[in-house]
**Q** 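Next up is a structure, given as structure tokens.
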Number of protein chains: 2
Amino acid sequence: MLTYEEMQYFAAFAQYGTLTEVAEKYTISQPTITRAMKKAEETFGVPLFNRTRNSIALNDNGRLAAEEIRLLLKQTDEMVDRVRSYDRASRTISIGTAAVIELPGLISRISRAFPQKAIVSEPGLPADLERGLTEDRYQLVILPYDLSSKKGKKGQTSEFYAKAIGEEHLLFYLPVHHRLARRKKLKLADMNGENMLLFSDIGFWSEIVHRKMPDSRVLMQNERYTFRELIENSVLPCFVTDLSLKGMKDITGRTAVQITDPEVNVTYYLTCRRNMLYQLQAVFA
Amino acid sequence: MLTYEEMQYFAAFAQYGTLTEVAEKYTISQPTITRAMKKAEETFGVPLFNRTRNSIALNDNGRLAAEEIRLLLKQTDEMVDRVRSYDRASRTISIGTAAVIELPGLISRISRAFPQKAIVSEPGLPADLERGLTEDRYQLVILPYDLSSKKGKKGQTSEFYAKAIGEEHLLFYLPVHHRLARRKKLKLADMNGENMLLFSDIGFWSEIVHRKMPDSRVLMQNERYTFRELIENSVLPCFVTDLSLKGMKDITGRTAVQITDPEVNVTYYLTCRRNMLYQLQAVFA
DNA sequence: ATGAATTACGGACCCCGTAACGATA
DNA sequence: TATCGTTACGGGGTCCGTAATTCAT
């Protein structure tokens with residue numbers, strides 16, 4: 001049977017057409033390539049080349065063999081990759097989160113539960129997180145709804161397990177002189193049409209906002225520090241969440257107003273597939 | 001990368017569980033197996049085994065790797081087989097035929113048209129032949145109908161090309177004293193209910209006979225010489241075809257009676273896929 | 001103490017590169 | 001004559017088997 005390298009030479013010959021080029025490409029001698037081609041022929045047991053005394057080219061068999069070998073090389077590489085990925089995944093817990101602000105203490109609690117594993121946390125939209133969870137790219141996801149009851153068909157237990165781990169509430173953050181700044185509560189619709197300043201890394205919130213305030217134009221800003229500067233020095237209304245406010249020192253001249261729409265007052269659920277529950281129970285305890 | 005042999009050793013270890021057994025199975029020394037396992041581990045770059053000083057077993061990675069390698073070995077074998085088959089097919093013309101009697105001169109004509117190719121002819125039922133033709137297991141098939149017009153969708157040219165190459169007619173072969181022996185023509189239905197002697201290797205004819213003579217019982221005989229003996233020494237009616245009669249010397253005390261049902265008076269069509277027509281034109285000329 | 005895997009070591013063989021050769025354009 | 005493929009040859013490295021070692025049952 002051909003070695004991996006010999007298969008590479010063969011595939012390369014199909015691509016380049018001359019043994020010399022292949023030898024140069026791999027910085028080895030031509031005789032080695034000649035020998036590899038001979039070995040290919042004897043491995044398959046059928047003629048693969050049309051030869052004259054000083055030229056060599058693939059025949060029909062050879063063209064098929066080259067295609068097949070190219071595929072086998074690919075399959076080989078992918079096979080190795082799969083094993084490596086499996087190993088990597090076994091040493092890693094991947095967490096996908098819809099919450100922009102890191103939920104306090106969660107990562108450290110997980111990392112204490114699995115001291116030998118690396119914790120990888122990445123943000124994403126709920127739909128992507130759900131997909132990632134079912135495709136085993138995430139062991140845990142944080143969703144702004146209870147997936148275990150959402151997908152549960154009549155009485156039969158859901159494929160997912162979810163546990164509430166915190167709340168987050170979107171607020172209007174208005175200049176004190178804004179016409180609505182002194183209200184206790186507002187609906188998103190009350191601000192529809194007003195231009196808003198938006199921190200672009202706002203995740204799943206933005207979809208809701210666009211839907212409920214279709215007439216508002218939004219000024220995006222994706223640099224966190226600049227965003228804060230803008231808030232302090234402009235009179236444009238903007239959004240904040242209670243969680244993000246907690247870590248920030250107060251901004252004078254702005255006041256937070258509660259929004260009553262239920263969609264923007266979410267409970268986060270730490271979610272996993274039920275078949276992983278046993279291994280992850282320490283996280284939910 | 002692992003060699004084919006090293007992959008075999010690894011797969012075998014997954015099966016047998018000890019290096020010693022693998023070494024015995026392949027009649028080589030244990031150290032060779034040890035080294036192959038080390039090389040596997042270094043190729044994948046991840047731990048594959050749980051080891052103590054004198055025991056070794058696959059871990060989770062190893063079990064996956066073994067499964068993957070088993071698959072890759074299979075893919076490798078199949079790849080080589082495909083190339084070999086392709087070569088073999090390129091040196092062979094495979095003919096499938098629904099005609100039980102070899103059509104005179106056809107094989108020799110084909111073999112003269114392709115002197116460098118081997119001709120393989122095998123009998124089959126029309127449905128199998130059609131499938132074999134579309135799946136390239138046959139380059140030519142002989143069918144008792146015109147496939148090119150049968151499958152031709154409204155105006156658009158068929159995928160197949162067919163040319164009539166001969167006829168065959170099923171006949172009743174009756175003892176001269178049979179009550180219907182003196183008729184010029186009969187229908188299958190006229191004999192329905194009578195027990196018939198049947199040469200079992202009768203191919204597609206038998207389906208028609210069973211359908212048109214559902215009340216007849218048939219006595220099968222698959223030994224050609226015995227069949228002839230039976231005909232000569234019994235008064236059971238039976239079938240023959242005009243083509244098969246031609247090669248036989250007459251049997252006294254039997255007379256052939258024409259059957260008028262169109263289904264048992266067939267024209268044979270030599271059929272190929274249209275994309276092969278150019279290479280096969282000599283056969284049809 | 002038997003049987004397992006690993007390590008050590010020596011030799012054979014394989015495989016590669018250099019060089020020479022042959023053929024073709 | 002320059003280029004390409006094949007053949008010849010020699011040396012180094014690799015790979016295998018034997019034997020010794022270590023550990024566990």
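No hydrogens, no waters, no symmetry mates; every other heavy atom, side chains included, goes into these values. Residue numbers begin at 1 in each chain, while the letters A, B, ... track the order of the sequences.
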**Q** Taking NZ from Lys38(A) and P from dC14(C), how many angstroms apart are they, rounded to a whole number?
**A** 18 Å

**Q** Are any non-hydrogen side-chain atoms of Lys25(A) and Phe13(A) less than 4.5 angstrom apart?
**A** no

**Q** Is it true that a side-chain atom of Thr134(B) and a backbone atom of Arg131(B) form a donor plus acceptor pair closer than 3.5 Å?
**A** yes

**Q** Mapping Asn54(B) and Glu21(A) to their closest nucleotides on DNA chain D, which lands nearer the 5' end?
**A** Glu21(A)

**Q** Could you tell me whether Thr34(B) contacts a base, only the sugar-phosphate backbone, or nothing, with contacts defined as non-hydrogen atoms closer than 4.0 Å?
**A** base

**Q** Glu5(A) CD to dC16(C) P: how many Å, rounded?
**A** 9 Å

**Q** Pick base, sugar-phosphate or nothing for Thr32(B), based on heavy-atom distances below 4.0 Å to the nucleic acid.
**A** sugar-phosphate

**Q** A side-chain contact here means heavy atoms from C-beta on lying under 4.5 Å apart; do Tyr269(A) and Ser148(A) qualify?
**A** no

**Q** Quick one: are Asp87(A) and Pro47(B) in side-chain contact, heavy atoms under 4.5 Å?
**A** yes

**Q** Measure from CD on Glu24(B) to P on dG17(D) and round the result to the nearest Å.
**A** 14 Å

**Q** Please state how far atom CD1 in Ile33(A) lies from atom P in dT3(D), giving the value in whole angstrom units.
**A** 19 Å

**Q** Separation of Ile56(B) atom CD1 from dA5(C) atom C1', in whole Å?
**A** 8 Å

**Q** Find which nucleotide of DNA chain D each of Gln30(B) and Lys39(B) is nearest to by heavy atoms, and output the residue with the more 5' nucleotide.
**A** Lys39(B)

**Q** Would you kindly give the CG-to-P distance between Leu19(A) and dG17(C), to the nearest whole Å?
**A** 14 Å

**Q** Are Val141(A) and Glu130(A) side-chain neighbours, meaning at least one heavy-atom pair lies under 4.5 Å?
**A** no

**Q** With nearest nucleotides of DNA chain C determined for Arg51(B) and Pro31(A) from heavy-atom distances, which residue corresponds to the more 5′ nucleotide?
**A** Arg51(B)

**Q** Could you state the atom-to-atom distance from OH of Tyr26(A) to P of dC16(C) in whole Å?
**A** 14 Å

**Q** In whole angstrom, give the distance that lies between atom CD of Glu6(A) and atom P of dC14(C).
**A** 14 Å

**Q** Using a heavy-atom cut-off of 4.0 Å across all strands, would you classify Thr52(B) as base, sugar-phosphate, or nothing?
**A** nothing

**Q** Over all strands shown, is Ser55(A) touching base, sugar-phosphate only, or nothing at heavy-atom distances under 4.0 angstrom?
**A** sugar-phosphate

**Q** Confirm from the modelled atom types if Arg35(A) and dG5(D) form a donor-acceptor pair under 3.5 Å, side chain to base only.
**A** no

**Q** Looking for any heavy atom pair under 4.0 Å, which part of the strands does Ile28(A) touch: base, sugar-phosphate only, or nothing?
**A** sugar-phosphate

**Q** Let's see if you can work this out: which of dG17(D), dT7(D), dT6(C) has an atom nearest to the side-chain heavy atoms of Ser29(B)?
**A** dG17(D)

